[in-house]
There are 2 protein chains.
Amino acid sequence: METAVGLLRRFGLGDLSMRRLARELEVQVGALYWHVKNKQELLVEVAAAILGAPALAAGPDGPERSAGGSPSDGSGDRLDARGRILHLAATLHTTLLPVPDSPEVVNVARVLAPGRLEPLTRLTELLETAGLDRAGAVSAQAMIVNHVLGSVAEAQNRADFDVPGSDAPDFRWALERALDGLLHP
Amino acid sequence: METAVGLLRRFGLGDLSMRRLARELEVQVGALYWHVKNKQELLVEVAAAILGAPALAAGPDGPERSAGGSPSDGSGDRLDARGRILHLAATLHTTLLPVPDSPEVVNVARVLAPGRLEPLTRLTELLETAGLDRAGAVSAQAMIVNHVLGSVAEAQNRADFDVPGSDAPDFRWALERALDGLLHP
DNA sequence: ACCTGAACACCGTTCAAGT
DNA sequence: ACCTGAACACCGTTCAAGT
């Protein structure tokens with residue numbers, strides 16, 4: 001896993017092949033298939049490892065109580081949840097940004113093993129504590145995660161060969177505006 | 001292009017290889033590289049073809065005037081634009097849904113040749129006529145397109161091997177709520 | 001202008017056989 | 001329990017050479 005994650009971090013998904021990984025480990029390709037059913041399973045593990053970053057660890061148990069002076073409008077409970085949602089989404093963004101092709105990898109894991117990605121399930125829970133019912137939370141979570149992954153992919157591709165022009169979408173602005181609508185009062 | 005699109009439609013991206021395409025055309029692989037610089041360029045063309053579907057064609061020139069009885073709130077201008085945005089996003093969704101792996105293909109094109117995907121640039125324009133400034137429209141467009149592509153990918157994967165359970169995200173609900181926030185009054 | 005033949009450097013997966 | 005060797009069936013891309 002260390003070697004696999006390192007390969008992804010340094011060279012991207014194109015160089016995270018079973019054969020390359022085996023070479024790096026000084027082992028025959030076939031050996032990998034004793035530890036892992038197939039490549040997809042490896043990628044699920046890699047995604048879980050990336051989303052296991054300390055910055056994404058769950059906070060202290062129970063609903064966190066912040067004492068900062070928060071802006072106006074709405075109940076304190078609501079705003080608190082909104083702030084934590086915003087923070088989680090932003091942390092996801094900055095965690096994935098430096099890992100090439102991380103959106104593809106996370107997407108594989110999201111499909112094959114949702115539930116293995118704790119921060120994403122936590123996001124759904126936060127949306128529920130913000131007042132959404134189960135169905136709403138699931139729908140909003142999907143939209144937010146799509147936004148995070150899509151924005152990271154866009155930024156990474158832009159860095160590869162696009163104009164570094166200033167007409168890049170504003171991740172945070174769109175996220176905040178969408179949250180306004182999703183957490184309707 | 002017909003053969004390539006057909007291959008994608010019938011078997012998905014895994015079977016849309018240069019070699020498979022050449023075999024289907026009863027031609028040597030190398031021949032393809034006279035018509036196309038590389039596979040990515042082929043995929044851009046394929047994406048443009050898919051988004052060229054009649055259902056996604058631009059309406060009659062100039063801002064369309066519908067006479068239907070629209071709900072309350074806001075100015076008529078605003079609501080009209082919102083309706084057209086909603087309709088375009090929904091049409092994108094239903095157009096891509098039956099084409100396996102279309103989100104991946106469109107994403108490649110979105111990165112390598114934005115502007116070749118007319119319906120997506122039109123979406124940005126609609127967001128501007130809905131009252132957003134250029135930067136806001138670009139950011140909102142990215143979020144909406146991410147939502148459409150992500151939702152289609154999710155639905156396609158779900159169909160492949162997931163529980164057909166009812167806990168699927170609600171594409172339309174999330175889109176409408178996010179639009180509420182994005183087109184803030 | 002358009003295509004063939006053939007090569008180069010890769011893939012993921014399987015599986016008998018070894019230790 | 002864990003790995004090797006070797007095979008199978010694929011990839012994308014390039015390029016001299018043909019017509």
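Within every chain, numbering begins at 1; the chains are lettered A, B, ... in the order of the sequence lines, protein sequences first and strands thereafter.
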A:W34 CH2 - C:dA16 P separation (whole Å): 18 Å
Tell me: CG of B:L25 to P of C:dT4, nearest whole Å? 10 Å
How many Å lie between CG on A:L7 and P on C:dC11, as a whole number? 10 Å
From OH of A:Y33 across to P of C:dG12 the rounded distance in Å is 6 Å
Considering only the P atoms, how many Å lie between D:dA17 and C:dC2, rounded to the nearest integer? 22 Å
Which one is paired to C:dT14, where only Watson-Crick or G-U wobble pairs with both distances under 3.5 angstrom count? D:dA6
Assess whether a salt bridge exists between B:E154 and A:R110, defined as any Lys/Arg side-chain N lying under 4.0 Å from an Asp/Glu carboxylate O. no
Can you measure A:L16 atom CG to C:dG12 atom C1' for me and round it to whole angstrom units? 13 Å
B:G136 backbone acceptor or donor facing B:D133 side chain under 3.5 Å: yes
SB check B:R82 B:D180 (cutoff 4.0 Å): yes
Give the nucleotide from the list D:dT13, C:dT4, D:dT4 with an atom nearest to the side chain of B:A31. C:dT4
Reported CZ-to-NE2 distance for the pair A:R172 and A:H147, which is rounded to 0.5 angstrom: 10.5 Å
Nearest-nucleotide pick for A:K39, side chain only, options being D:dT4, C:dG5, C:dT13: C:dT13
Here the distance between atom P of C:dT14 and atom CG of A:L32, to the nearest Å, is 13 Å
Whether A:H35 contacts D:dC3 is assessed here as follows: a side-chain N or O lying under 4.0 Å from the phosphate OP1 or OP2. Is that the case? yes
When rounded to whole Å, the CZ to P distance for the pair A:R20 and D:dC11 reads 23 Å
Choose from C:dT4, C:dA7, C:dT13 the nucleotide whose nearest atom is closest to any side-chain atom of B:R19. C:dA7
B:N38, nearest nucleotide to its side chain (from D:dT13, D:dT4, C:dT13): D:dT13
Nearest to the B:S17 side chain among C:dG12, C:dT4, D:dG12, which nucleotide is it? D:dG12
Could you tell me the Watson-Crick or G-U partner of C:dA1, where both distances fall under 3.5 Å? Say none if there is no partner. D:dT19
Base, sugar-phosphate, or nothing: which does B:V27 touch, judged by heavy atoms less than 4.0 Å apart? sugar-phosphate
Using a strict 4.0 Å threshold on nitrogen-to-oxygen distance, state whether B:R158 and B:D167 make a salt bridge. yes
note: B:Q28, atom CD; D:dC15, atom P; distance rounded to Å ~ 18 Å
